[in-house]
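First comes the structure, then the notes that go with it.
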Amino acid sequence: MLAGKRASESATEMVQVVLPNDANALGFILGGTVMHLIDIAGAIACHRHTRTLLVTAAVDDLQFLHSIKVGDLIILKARVTCVFRTSLEVQVDVFSEETLTGRRQLTSRAYLTFVAVAADGHRVPVPPLIVETEEERRVCEEAQARRARRLQRKAEATTLPSA
Ligand SMILES: CC(C)(COP(=O)(O)OP(=O)(O)OC[C@H]1O[C@@H](n2cnc3c(N)ncnc32)[C@H](O)[C@@H]1OP(=O)(O)O)[C@@H](O)C(=O)NCCC(=O)NCCS
């Protein structure tokens, strides 16, 4: 039996400055760069929870609510929401922060699912998540509902004709 862990034990915050190399012609960070950082932040939180190798199984739909400009900080906060058998869901919130004013805006919220694997690729069980508060229970219940919808979409996708 694996020992349980609290979400606070794996919660991860990443901060970096947006540089010209990350930006499009308008001076805003590229969506693909944000997606890459979301994947990294989510993976770090899940690695801290599982201490295993992981693969990204799914990234739910993603919105870019505000642009983040060169010179701003991009902040990513990742927190495990719920753990299943060999997979787990993590929420990643993305914020912009103006360096001179400190003004912060939520720019994206993403849910990712990672699957724990051994070096030979077979799935391995993940440690339980210790859920203590009403809020943590609600977050996990919502994650379970998202998981059901996600697996339904996967089942639909696997029936698509291949090229
Ligand atoms: C993700 C992957 C491991 C799932 O393999 P699979 O054989 O279809 O999955 P299984 O039926 O064995 O399920 C394993 C777990 O993954 C979950 N899972 C599988 N596909 C999923 C999806 N699309 N979304 C969410 N969870 C998924 C299952 O629910 C199961 O979780 P559980 O054990 O907690 O109940 C496999 O499809 C894969 O390797 N995909 C490529 C991953 C990749 O290359 N990612 C990018 C680079 S890391």
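Remember, it's 1-based here, ligands and their atoms both numbered in the order they're listed.
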> Between Glu132 and Arg137, is there a salt bridge with N-O shorter than 4.0 Å?
Replying inline: no
> Taking atom CD of Glu142 and atom OH of Tyr111, what is their separation to the nearest 0.5 Å?
Replying inline: 6.5 Å
> Got the closest protein heavy atom to atom 24 (N) of ligand 1, with its distance?
Replying inline: Ala58 CB, 3.4 Å
> What do we get for Thr86 next to ligand 1 when only non-hydrogen atoms under 4.0 Å count, side chain, backbone, both or neither?
Replying inline: both
>> Could you identify the single nearest non-hydrogen protein atom to atom 12 (O) of ligand 1 and state the distance to 0.1 Å?
In response: Arg123 NE, 3.1 Å
>> For atom 38 (C) of ligand 1, what's the nearest protein heavy-atom neighbour? Residue, atom name and distance, please.
In response: Val55 CG2, 4.7 Å
> Do Glu89 and Arg150 sit within salt-bridge range, that is, some charged N less than 4.0 Å from a carboxylate O?
Replying inline: yes
> So which heavy atom in the protein is nearest atom 31 (O) of ligand 1, and how far is it from that ligand atom?
Replying inline: Ser87 OG, 3.0 Å
> Do other residues, nucleotides or ligands put more than 12 heavy atoms under 6.0 Å from the NE2 atom of His36?
Replying inline: no
> In terms of atom number and element, which parts of ligand 1 are under 4.0 angstrom from non-hydrogen atoms of Arg85?
Replying inline: 32 (P), 33 (O), 34 (O)
>> Does the protein place a non-hydrogen atom closer than 4.0 angstrom to atom 36 (C) of ligand 1?
In response: no
> Under 4.0 Å from atom 43 (C) of ligand 1, is there any protein heavy atom?
Replying inline: yes
> If every non-hydrogen atom of Ala143 is compared with every non-hydrogen atom of Thr81, which pair is closest and at what distance?
Replying inline: CB-OG1, 3.6 Å
> How far is atom 16 (O) of ligand 1 from its nearest protein heavy atom, and which residue and atom is that?
Replying inline: Val115 CG2, 3.2 Å
>> Do the side chains of Asp93 and Arg109 get close enough for a salt bridge, i.e. N-O under 4.0 angstrom?
In response: yes
>> One residue to check: Arg150. Relative to ligand 1, which of side chain, backbone, both or neither has a non-hydrogen atom less than 4.0 Å away?
In response: side chain
>> Could you check whether Glu134 pairs with Arg138 (Lys NZ or Arg NE/NH1/NH2 to Asp/Glu carboxylate O, under 4.0 Å)?
In response: no
> How many angstroms lie between CZ in Phe95 and CD in Gln105, if you round to the nearest 0.5 Å?
Replying inline: 11.0 Å
>> Pairing donors with acceptors under 3.5 angstrom, does anything connect the side chains of Arg104 and Ser96?
In response: no
> Who's the nearest protein heavy-atom neighbour of atom 20 (N) of ligand 1, and how far?
Replying inline: Lys154 NZ, 2.9 Å
> Checking side-chain hydrogen bond (donor to acceptor under 3.5 Å, both in side chains) for the pair Thr113/Arg147: CA distance, chi angles, key distance, verdict?
Replying inline: CA-CA 9 Å; Thr113 306; Arg147 175 176 187 265; over 6 Å; no
> Starting from atom 1 (C) of ligand 1, which protein heavy atom do you reach first, and at what distance in Å?
Replying inline: Ala57 CB, 3.6 Å
> Does the protein put a heavy atom less than 4.0 Å from atom 7 (O) of ligand 1?
Replying inline: yes
> What atoms of ligand 1 come closer than 4.0 angstrom to any heavy atom of Thr113?
Replying inline: 25 (C), 26 (N)
> Rounded to the nearest 0.5 Å, how far does CG of Asp72 lie from NE2 of His66?
Replying inline: 12.0 Å
>> Heavy-atom distances under 4.0 Å decide this one: backbone, side chain, both or neither, for Leu151 against ligand 1?
In response: side chain
> Just going by heavy-atom distances, which of Val83, Leu54, Val126, Thr56 is nearest to atom 46 (C) of ligand 1?
Replying inline: Thr56
> Hey, is Arg147 one of the residues with a heavy atom under 4.0 angstrom from ligand 1?
Replying inline: yes
>> Protein heavy atoms near atom 26 (N) of ligand 1, is at least one of them under 4.0 angstrom away?
In response: yes
